[in-house]
Amino acid sequence: MMLEEFYKSLGHASPPQGIPPLLLALWYDANGDWQRSHAIAQDIEGRDGALIHAYLHRKEGDLWNADYWYRQAGTARPVESLAEEFRQLVQSFTVSQS
């Protein structure tokens, strides 16, 4: 999925067909459904799933839990804003148009 395509989809009532789970979790988060986003993130294995899981707990304000998931991803809690972290996650899971 292209970066621009993802951001355009955020204004729709439902996510695009066939969206990868990493982006689907972020789509639901951006559309105000933290619970659904978290449920999806819990099922994503590996570093990328841990990063989304960490971001979601940071957003929730559960920093202890967030820090656990950042460690699972092999990184520390970012100092950037939540909005910037979201932007970086989306960018890392999409393909930019050149």
Side-chain angles (χ1 to χ4, degrees):
M1 168 170 265
M2 300 297 216
L3 181 63
E4 297 80 7
E5 183 182 7
F6 176 80
Y7 279 110
K8 285 180 185 175
S9 77
L10 294 179
H12 299 153
S14 59
Q17 290 278 10
I19 189 172
L22 292 165
L23 291 172
L24 185 61
L26 292 171
W27 190 93
Y28 278 110
D29 172 63
N31 281 283
D33 194 340
W34 187 95
Q35 293 294 335
R36 192 157 188 185
S37 177
H38 184 256
I40 293 166
Q42 285 183 309
D43 291 337
I44 302 171
E45 295 185 18
R47 181 180 187 277
D48 292 342
L51 283 172
I52 293 175
H53 207 150
Y55 159 79
L56 289 169
H57 282 293
R58 179 180 173 216
K59 184 174 185 177
E60 176 190 36
D62 185 354
L63 298 182
W64 180 89
N65 204 353
D67 288 342
Y68 168 82
W69 286 104
Y70 285 118
R71 285 191 303 275
Q72 295 303 304
T75 191
R77 184 185 338 142
V79 296
E80 294 85 14
S81 69
L82 285 166
E84 177 59 18
E85 184 179 8
F86 178 86
R87 188 195 67 73
Q88 290 175 5
L89 288 168
V90 169
Q91 188 170 8
S92 69
F93 303 139
T94 58
V95 177
S96 294
Q97 292 180 347
S98 302

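In this chain, residues are counted from 1 in sequence order. All values derive from a computational prediction rather than experimental measurement.
- If you chain together hydrophobic residues whose side chains sit under 4.5 Å apart, Y7 and L82 fall into the same group.
- Not counting sequence neighbours, the partners of A30 by the side-chain contact (heavy atoms from CB on, under 4.5 Å) test are L10, F86.
- There is a side-chain donor-acceptor pair under 3.5 Å between E60 and H57.
- Taking all atoms of both residues into account, the shortest heavy-atom contact from S92 to L89 is OG-O, 2.8 Å.
- Legend: salt bridge (charged side-chain N to carboxylate O under 4.0 Å, His left out) pairs involving residues 7-24, not counting sequence neighbours: none detected.
- Here salt bridge (charged side-chain N to carboxylate O under 4.0 Å, His left out) pairs that include residues 9-28, with residues two or more places apart or in two chains, number zero.
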Which side-chain N or O atoms in residues 20-29 pair as donor and acceptor under 3.5 Å with protein atoms at least two apart or in another chain?
| unit_1 | atom_1 | unit_2 | atom_2 | d |
| --- | --- | --- | --- | --- |
| W27 | NE1 | S9 | O | 3.1 |
| W27 | NE1 | S9 | OG | 3.2 |
| Y28 | OH | R36 | NH1 | 3.2 |
| D29 | OD1 | K59 | NZ | 2.9 |
| D29 | OD2 | Y55 | OH | 2.8 |
| D29 | OD2 | K59 | NZ | 3.3 |

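- Pairs passing the side chain to side chain donor-acceptor pair (under 3.5 Å) check and including a residue from residues 42-52, sequence neighbours excluded, do not occur.
- Applying the salt bridge (charged side-chain N to carboxylate O under 4.0 Å, His left out) test to residues at least two apart or on different chains, the pairs with a partner in residues 70-85 are R58-E85, D67-R77, E84-R87.
- No option in W34, Y70, W69, Y68 other than W69 meets the ring pair (Phe, Tyr, Trp, His ring centres under 6.0 Å) test with H53.
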